[in-house]
Structures are given as C-alpha cells and as structure tokens.
Amino acid sequence: MNYSEFQKLKKIPEIGTEMYDIMVKLYPICRSITGDGVRKTLGIISEQVPLEKYEIPTGTEVFDWMVPKEWNIKDAYVKKSNGEKIIDFQKSNLHVLNYSVPVHETVSLSKLKDHLFTLPDQPTLIPYRTSYYHENWGFCLTHNQLLQLEEDEYEVVIDSTLEDGSLSYGEYFIKGESEDEVLLSCYICHPSMCNDSLSGVVLLTFLAKYLKNLSLQYSYRFLFIPETIGAIAWLSRNEQNVTKIKHGLVATCVGDSGILTYKKSRQGNAEIDQTVIDVLKNSGDDYKIMDYEPIGSDERQFCSPGFNLPVGSLLRTGATYFTEYHTSADNTEFVKAKYLADSFSKYFKVILTLEENFGKFYSKNNKEELPEIDSKNDQVFLNLNPKCEPKLDKTGVYRKIGGENQRDNIKTIFWVLNFSDGKHSLRHISSRSGIDFKQIKHAAEFLHEKKLLKRIL
Ligand SMILES: [Zn+2]
C-alpha cells in the first residue's frame with residue numbers, strides 16, 4: 001500500500017482528532033516511572049491496540065541500574081492554619097514533586113520553602129520536578145504564588161506510598177514477513193504534560209492501530225515504557241534479540257506547532273537516517289536535521305556504545321527548545337490535533353518507504369563512518385559500562401562535578417561516555433560535540449578515576 005492508498009482509507013486529519021481525544025483522556029492521569037498511573041495509561045492504550053503488559057519487580061538489576069520501589073499517590077495538599085488549601089494535587093498533579101515520600105507535618109514557612117519548587121523566570125507556570133532516586137518530598141507551584149505566601153503554620157500532606165512493587169511497561173508486536181524489526185519507542189512516565197511524552201504515546205498507538213491491518217515486510221515492535229529506566233530495563237531483558245532491530249525511532253514532542261526535526265542515530269548514516277531525511281525533503285515542508293548527541297530521550301540508551309542501534313528521533317520542537325517544556329503550559333492547548341496528524345503522516349511515510357526499500361536499500365553505503373586514530377597523539381578510552389548509561393549518581397559524579405555549570409558538565413560526561421568506544425579519540429569527541437578539548441579531557445580523567453573508563457591509548 002502506498003501513501004495515497006492509505007489516505008483513501010482514512011483521512012489523516014480524522015486520525016489527528018482521534019489521537020488528540022485519547023491524549024485528552026490520558027492527560028489527567030498522574031504517571032511516574034512506576035505505579036498505577038502507568039498501568040491505567042497502558043489500559044487506555046490497550047483499548048486501541050492489545051498491548052502485552054510486563055511487570056519487573058522492585059530490586060531487579062538491569063545493567064548498572066536497579067528497578068526502584070513503586071510509587072503511588074492518592075492526594076496531596078498544603079493548608080494554611082485557617083484551613084484554606086493553597087496547593088492542591090487534585091487541581092494539578094504537577095503540584096507534587098513526582099516520587100515524593102509520604103509526609104504529614106505542620107511546618108513553618110521557611111521549612112516549607114525548602115520543599116517548594118518554582119520557575120522565577122516563568123512566574124505563572126507550575127514546574128514539573130521529580131526525585132526518583134533520592135528520597136524527598138516537595139511541592140511545585142507558580143512563582144507568583146510563592147511570593148504571596150505569608151508567615152504561618154502550614155499543614156503539609158502527601159498521601160503517597162513508596163514500596164516494593166514493580167515497573168510496568170507495554171509492548172505491541174506486529175509480525176511481518178521478515179524477522180527484521182523496526183523499533184518504535186515512546187515513554188509513558190510523565191504526569192499531566194502533552195507534547196513531552198503523551199504526543200508520542202498517542203502517535204505510536206495510532207501508528208500501531210493502522211499498521212496492524214497492512215501486510216508488512218518488517219516486523220514492528222512498539223514500546224510504551226518509562227523513560228530511561230524503562231529503556232534500560234527493556235534492553236537488559238531483550239539483549240539477545242536486539243540484533244533483529246534494523247531501524248528505530250523514538251517518538252516524543254510531536255504535537256506542537258514547530259517544524260519537523262530529525263535527530264539522527266549515533267551511526268549517522270543508517271538507512272533510517274537516510275529514509276527520514278528523504279521523506280522530510282520530499283514533503284515540501286520546512287524541516288531541520290540534527291546530528292546525534294547523547295542528550296535527549298531513550299535514544300541515549302538505544303545508541304549507547306554497547307548497542308549502537310540505528311535509532312533516531314523524529315520530533316517537532318525538541319524537548320528543552322520550547323518554553324512550555326516541563327511546565328504546566330505543556331497542556332492540551334499547546335498540542336493541536338493538526339500537528340499530531342502531520343507528524344503521523346510523516347511517520348507513516350517513513351514506514352512505507354522502509355517497506356518499499358526492504359532488502360535493497362542503503363546497505364552498501366550504510367557503514368558507520370569512523371574517524372582515523374592517530375596512534376602517536378590521540379588519547380582513546382573505553383567505556384566499561386557500554387550497555388546503556390551507567391547510574392552516575394552512585395559514583396557521586398553529580399555531586400563532584402557540581403559547580404559553575406552542572407548542566408554543561410553532565411553533557412560533557414555523557415559525550416565522553418557515549419563515544420569512548422575505543423574507536424573515537426578525545427580529539428574526535430571534542431570536535432564532534434563542539435566541546436572544548438580541555439573539558440573533554442578533564443571529564444575523561446574524572447571518569448577514568450571513577451573506573452568508568454579504561455585507557456586504551
Ligand atoms: Zn520530559
């Protein structure tokens with residue numbers, strides 16, 4: 001089936017509306033990396049496509065990580081001494097620091113402030129904050145509201161549980177003629193936010209729904225997983241089968257008004273990269289191409305050096321590039337059905353192109369281009385945890401490298417870990433990342449000292 005035949009079957013704008021309606025249904029659910037919000041979400045997706053659901057118990061080791069305790073929440077609020085509720089989880093689930101431990105205390109304003117998160121530069125928005133691996137409790141609110149808080153005794157209640165349980169995820173598999181697979185992955189761990197997370201979830205749900213009735217060459221595997229830990233857990237359970245994955249895309253941020261952006265796979269010239277770029281070129285619409293960087297979503301795990309799968313990410317405005325990112329403004333107004341529909345059509349065309357080119361495409365020029373190592377002058381390291389990211393907080397990396405620019409330092413660490421595959425020198429990592437060589441070298445020495453890297457040259 002080609003694209004115009006598909007269009008005759010179903011109008012793309014209608015699919016946009018269907019996706020939007022499911023997104024609106026999913027929006028109010030308080031999700032996290034574990035818990036009943038995820039199960040409820042998988043349940044709603046299952047009404048569209050029958051997911052295979054999995055539960056991985058707390059404490060299960062997945063590469064360098066461990067499945068955490070399961071978090072659930074019923075209610076949370078902050079009340080003034082006169083009984084007035086000033087922060088209420090029932091009004092927005094973003095009000096609670098995601099993964100907050102239970103608390104019921106009466107506290108002064110200054111103690112309360114230690115547990116409040118706001119965005120001073122966006123004073124009307126509620127931020128989205130998490131504390132998955134460090135036990136804490138907290139509330140998120142608008143900065144304007146914070147400025148109005150007066151001295152008082154505040155009753156804080158978080159009616160949550162953090163207990164042994166499991167991590168839930170869903171998978172949907174469409175068997176094609178071939179064992180070769182196309183991996184399509186999205187994440188289901190964000191609470192009430194639309195573009196980041198939910199737009200990708202509904203896009204893949206409907207892609208699965210409409211692909212399942214076609215006769216296909218490739219087999220298609222759809223993942224509905226919590227971000228990072230879910231991708232790591234999935235890869236650790238499916239390590240034996242990942243060689244079947246010939247192409248892949250991570251779907252997120254596909255519902256905003258921005259132009260389509262394609263972030264290439266780590267390999268950079270894999271068939272999926274060529275295919276998406278061709279589809280965007282031929283679409284007649286504006287688009288943007290980004291080289292791979294080890295920052296972003298689950299492509300970080302799929303493209304970790306131990307896997308290096310041909311997985312890119314096709315999105316509109318990337319996370320962190322839109323001001324609504326990780327705030328209450330990433331809502332059902334921000335995402336529009338017509339943009340979801342447009343993203344759907346692009347994904348669909350990518351798949352039809354992969355299908356058309358099955359068994360005959362770029363295989364000849366599809367070899368990853370590797371730089372030449374200068375054995376006299378280059379310094380080369382090997383990542384000792386090449387499969388997915390190592391759990392950096394265990395080694396105190398985050399605390400140790402804190403300082404003037406924590407975010408840049410972490411980015412440098414990720415670059416060094418991701419490209420220390422024995423085939424890229426520090427010089428190459430510096431030129432590919434655009435990060436100053438001295439900083440790259442400093443990060444490599446630090447990681448070497450932490451026994452995360454081994455020097456091979
Ligand atoms: Zn996010």
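Keep in mind that what you see is a predicted model, and the values were worked out from it rather than measured. Counting starts at 1 for both ligands and their atoms, in listed order.
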(message) Rounding to 10°, state the angle centred on the Zn ion (ligand 1) that links NE2 in H190 with NE2 in H326.
(response)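 NE2 of H190, the Zn ion (ligand 1) and NE2 of H326 span an angle of about 110°.
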
(request) Would you please say whether a donor-acceptor pair under 3.5 Å links the side chains of E171 and W234? (result) yes

(message) Below 2.8 Å, can you find an N, O or S atom of E227 next to the Zn ion (ligand 1)?
(response)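 E227 does not place any N, O or S atom closer than 2.8 Å to the Zn ion (ligand 1).
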
(request) Quick one: report the N, O or S atom of D196 that is nearest to the Zn ion (ligand 1). (result) OD2

(message) Closer than 3.5 angstrom, by distance alone: can the side chain of Y20 be matched with the main-chain N or O of T332 as a donor-acceptor pair?
(response)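 Between the backbone of T332 and the side chain of Y20 there is a qualifying donor-acceptor contact (under 3.5 Å).
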
(request) Mark yes or no for whether Y347, through its side chain, and L314, through its backbone, hold a donor-acceptor pair below 3.5 Å. (result)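 At least one qualifying donor-acceptor pair exists.
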
(request) Go through the steps for R221 and L184 under the test side chain to side chain contact (heavy atoms under 4.5 Å, CB included), then give the verdict. (result) CA-CA 6 Å; R221 194 174 294 280; L184 294 151; over 6 Å; no

